[in-house]
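Each remark here refers to the structure printed beneath this line.
Everything numeric here is computed off the predicted structure, so don't read it as measured data. Just so it is clear: chains get the letters A, B, ... in the order the sequence lines come, proteins before strands, and each one is counted from 1.
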Amino acid sequence: MPGDGSITARLKRTLPVRGPQAPTLSELMRWYCLNTNTHGCRRIVVSRGRLRRLLWILLTLSAVGLILWQCAELLMNYYSASVSVTVQFQKLPFPAVTICNINPYKYSAMKEYLSELDKETKKALETFYGFSEGKSKVRRSVDEWNSTGSNFFQQIPLLKVEDFSRTATDLRSGQKRKIEGSVFHKDSSIVNSGDSNDIIGFQLCDANNSSECALYTFSSGVNAIQEWYKLHYMNIMAQIPLETKEKLSYSADDLLLTCFFDGLSCDKRHFTRFHHPLHGNCYTFNSGENGTILSTSTGGSEYGLQVVLYIDEADYNPFLVTSSGAKIIVHDQNEYPFIEDIGTEIETAAATSIGMHFTRSRKLSKPYSDCTETGADIPVENLYNKSYSLQICLHSCFQKAMVESCGCAQYAQPLPTGAEYCNYKKNPNWMYCYYRLHEKFVKEQLGCQQICKDACSFKEWALTTSIAQWPSTVSEDWMLRVLSWDKGQKLNKKLNKTDLANLMVFYKDLNERFISENPANTLVILLSNFGGQLGLWMSCSVVCVIEIVEVFFIDSLSIVMRRQWQRAKKWWNDRKRGGSGKAPQASDVERQGHDNPVCIDEDLPTFTTALRLPLPQDSPLPRTPPPNYSTLRLETAFTEQLPDTLELGQH
Amino acid sequence: MNLKKYLVRALHRLQKGPGYTYKELLVWYCDNTNTHGPKRIIKEGPKKKLIWFFLTLLFASLVFWQWGILINTYLSYNVTSSLSIGFKTMKFPAVTICNANPFKYSEVKHLLKELDRLIEAALERILQPTPGNSSENTSAPLNLELWNQIPLVLIDEHDKDNPVILDIFETNQTAGGNETCSHQGSDNCTYRNFTSAAQAVTEWYILQSTSILSKVPLHERIRMGYQAEDMILACLYGAEPCNYKNFTQIYHPDHGNCYIFNWGMDEEALNSSNPGAEFGLKLILDISQQDYIPYLSSAAGARLMLHQQKSFPFLKDQGIYAMAGTETSIGVLVDELERMGYPYSDCTMNGSDVPVKNLYSQYNTSYSIQACLRSCFQNHMAEICGCGHYMFPLPEGVNYCNNEDNPGWAYCYSSLRSSIKQRQICIDSCKETCNDTQYKMTISMADWPSEASEVTLIPCFATDIDGSPLPGTGTLSNVRAGVQLRGSAASAHSALLPQIVWLLSSLGGQFGFWMGGSVLCLIEFGEIIIDSLWITIINVIGWCKGLKQRRARARYPDAPPTVSELVEAHTNLGFQHEPAAVPRDEALPPEPGTPPPNYDSLRVQPLDVLGADSDAETE
């Protein structure tokens, strides 16, 4: 070719070829399909016949679709956890066991605080049940009441509600009044017997705005009076300082008659006192307060905790508690015992044997599930001096809301800093406020249930409780005598068996059941699953993905860009020259790239370019050998013979 | 024949030298391998070549790294557990029934007479601080022989440093204690302290009665216990009636005669396919509370336990009480547990590989960890104290401890029992069982019989038990053990085989993901390595041959090398091949211009499209 040098020079000037070697997109696709590592694509190009090609295109596309679908599934399931359970036999730490008397304070000691309230409650009961008996009696008692002006009933009057007529009768004065405001049925209205006479309730009013009242009704008088009593009781107790309350309640000596742990005798020194607002003094065995936590290496009832409790039934508050016995809860040393929520009740005059099964659970925190490790990431301040639990959070959250909206703290929960317990003298409005708030809390309007999260790890003791008669009829006599003697130093009366409860807490077996969540997919497994999917459908790998990126994005883009650039240039030249050098340029453009045998760019020729070059066989005239030969030739010993062999090979 | 041909060809190849060089081999491999990266290296331009080279290296190293992780995970033998919850027909558990009291008091009275008198007197002393009452004179002189072995004492701890110890039959002080002395030396005494007298008296009585009863032969003890026909008044399994004959008697040291329903020792275990109490076992038991030994057990009721077939019931651990005068309903949830053995966890199938001799095998029962722990204790006891404890089965050639033959046994026993070291040894040597069934019970109670039905029920039972005195309301106990097979949660560790499958598929997935490779690719790679080794061998042989020939030529020089030849040898690198080529030339007269056989393959390497043809040519 005569104009060889000038054309290439011009080409170099106008066309700096870099990157993709194929001149057009279809060429590039063809090249890609022939050389790609994925299966399927090559079939499309290689196949002869339109139907077959179509089939292959369909197959390849469906394989791509399947891969995308499966990989999307894999990605979506990435944050799933599998649960594993291990059961292991080992030495186990003995849990803390908190024991309370059901009755919080000695009634005899509480007399001076509660005498007023009790007297009025008694009268109310008399009146309430007296209605059916005879009019004269009612009249008399009502008269008595009116003479002794009682402040408890003035604060919160008990009302008998004529259902549906929206009128209420004051139990004390007999006055009828119209009910205004909302009526709340504490008992479910579905269960309501429909006997309108039975409905009794009390009204709570906003002290600042007397028109805003809420009436709480109960289908049974027992519930109404108990609830009413409790409100006043909490009110009185809130005013008594903690030290006095601790004195009013049972001491360890009062409660515990005998104690036996792991075959050894124990006494009140092994118990830690803990004051519960509703249950008075409770005693925690093995609380871990002195730093040591007892553990058991043998299961069975002999090696657990055995205590005999003295439940002084005669000294019970008749209105506050109606059942007798003790309440126990088995919990971890770091946990706060929510005895009112999850306590187990112990019967008197019986031996209760509680077999335990230990289960430890662990959940994965974010992003697997919404749980918290320490509770530090929850915006609610932990009022309890114990490790986080959902219950602690809920109670703290409620108390916080109570202090914010009512200005004082509820009696059953610990005090936040700077707040004090509600009582009538300082916060006359608190009961109404409390009931309103509590209702909101129950209906999940306070947002506590949304804020509080589960704890990620927790320990649980599954209890199997069974009861036997104790003491047995034949041993009753000596048992009671000896136990009275044990107690003897302080008490000179013989014990009654209904004052006693025997409790055994022990491990049924020393198997620890550990339930833990593990990530079902680690990154390694995810990738290998991807690989499996890609490989199964298309024999594809990351290399193919890079290939695809390279060919479809970088190369195609640069081809398109090159096209655009040339077109722009051509247009520019056309305008400049005014149509003189038009024809040769067009042919140049068409003949660029691999189609043009003389198009050699600055880069060293590669295999691909070499491939497109006219083969030596095709051009018999001796020319320079293909460029890559030389490198190969250097390695071989037959340096001199090369041209000959070339020719000979063709012969 | 073929072999010979092959050998001849191999010899020729050896003589001719390698058919291709390392580089040719490598290029050929890259072009033809099924692994994805290498092909790119040779197919692209120089810049991309470099990029692809590094990418391939990177991916290869990634694959190896991830493989390392996977293999490590596999070798750590983590257990994954599968939990299946389902409803299926299950074996009804074995139900053991005992009375809380081991023996009828009326039967053992003559044995315990002395002891009872002693304890009554002691209680009298404790409860009435001022001695010299008139009542004391009436009692017959006490046999103080029993007392002197293990006296009850009072320990006055008002002065912490010098506690005052007083024998109850002398004077009286505050806290109760229990002295156990080793017989050998009076210095070797320990006091077991009790804060409560009730506790101390009970423990003391148990120690003493154990010693007395251990001397009674077994058949006599069985006779003194409760008989099945007295204890089991009514029995109903599902809709079918059953009676005491369906129960297997076993002697339990704590509770005397116990009766096991559906133990599966002689007959097939019963299946239960319906949930609910109606299809379970219903029993009415007579615990005859009036006949209890007053000082031995203070709790009254029946003792129940659900356990696996052919296992020994350890009532102290897993048993529950059923109160007299009540109906106790027990709902059961069966939890089957299957552990994988070594190397996943340390468990034993039948206890044969545990170093502790299972003493409970004399009951024909299967191994359990409780049995192992108790056997371990008893073996230690026999070793150290020289006698066996009454509560556990006896090892061979050992007798039960009693005060006459082994005066120091109580001391030995209590020191052994409280020894933490001994417990640890036992815990370490015992293994858990691989297959375990746990029964989760939900217990509820109701008053029974109701006041209205009481009048008709009690006479009914009275006629059932043949004119024996009417059992009082406090002595009958109704037990309904309804097995709810609703959730049988079997938490089992997955088997070994799926683990290997998991490993392989993960390995394959990783390799496929990064490089699109498979086992075949690994074989390819191995092939290439073998090929290159082959090249090396041939080259080495050729070189050696050349060396030998040169040496031979040096020894018998046909013609001394010319100067030019020597110069050539030093300057021309290609010259060295000449001597190697010489023998070939001799064997096969050189035809000038004959191309080296592999030349074609070299030339067509870059010609990808014609690759197939060129391969055909070269082969």
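Annotation: side chain to side chain donor-acceptor pair (under 3.5 Å) contacts of Gln533(A) (sequence neighbours excluded): Trp537(A). Applying the side chain to side chain donor-acceptor pair (under 3.5 Å) test to Lys268(A) and every residue at least two apart in sequence or in another chain returns Asp253(A).
Between the side chains of Trp470(A) and Ser298(B), at least one donor N or O lies within less than 3.5 Å of an accepting N or O. Side-chain atoms of Gln289(B) and Thr473(A) form a donor-acceptor pair, as typed in the model, at a separation below 3.5 Å.
Using a 4.5 Å cut-off between heavy atoms, Gln199(B) contacts chain A through its side chain alone, with no backbone atom that close. Using a 4.5 Å cut-off between heavy atoms, Tyr22(B) does not touch chain A at all. Within the 4.5 angstrom heavy-atom criterion, no atom of Glu476(A) approaches chain B. When heavy atoms are compared at a cutoff of 4.5 Å, Asn511(A) approaches chain B solely by way of its side chain, counted from C-beta outward. Contacts of Leu527(A) with chain B are made by both backbone and side-chain atoms, with heavy-atom separations under 4.5 Å. Both the backbone and the side chain of Tyr295(B) come within less than 4.5 Å of a heavy atom in chain A. For Gln370(B), the part lying near chain A is the side chain, with the backbone staying farther off; criterion is any non-hydrogen pair under 4.5 Å. Heavy-atom distances place both the backbone and the side chain of Asp509(A) under 4.5 Å from chain B. Of the atoms belonging to Ser297(A), heavy atoms from both backbone and side chain fall under 4.5 Å from chain B. For chain A, the nearby parts of Ile320(B) are the backbone and the side chain; heavy atoms of each come within less than 4.5 Å. Residue contact with chain B, scored on non-hydrogen atoms closer than 4.5 Å, involves the side chain of Met504(A) exclusively. Of the two parts of Asp428(B), neither the backbone nor the side chain holds a non-hydrogen atom closer than 4.5 Å to a non-hydrogen atom of chain A. The part of Ser297(B) that comes within reach of chain A is its backbone (N, CA, C, O), which places non-hydrogen atoms under 4.5 angstrom from that chain.
By the 30° and 60° cut-offs, the orientation of the rings of Phe511(B) relative to Trp67(B) is perpendicular.
The most heavy-atom pairs under 4.5 Å with chain A, out of Leu55(B), Ile69(B), Ile369(B), Leu70(B), come from Ile369(B). Contact count versus chain A (heavy atoms, under 4.5 Å) is highest, among Ser444(B), Cys347(B), Gly512(B), Ala100(B), for Gly512(B).
With Arg303(B) as the partner, the side chain to side chain contact (heavy atoms under 4.5 Å, CB included) test is satisfied by one option alone out of Asp254(B), Leu315(B), Asn101(B): Leu315(B). When each of Tyr303(A), Phe506(A), Tyr507(A) is checked for a side chain to side chain contact (heavy atoms under 4.5 Å, CB included) with Thr298(A), only Tyr303(A) meets the rule.
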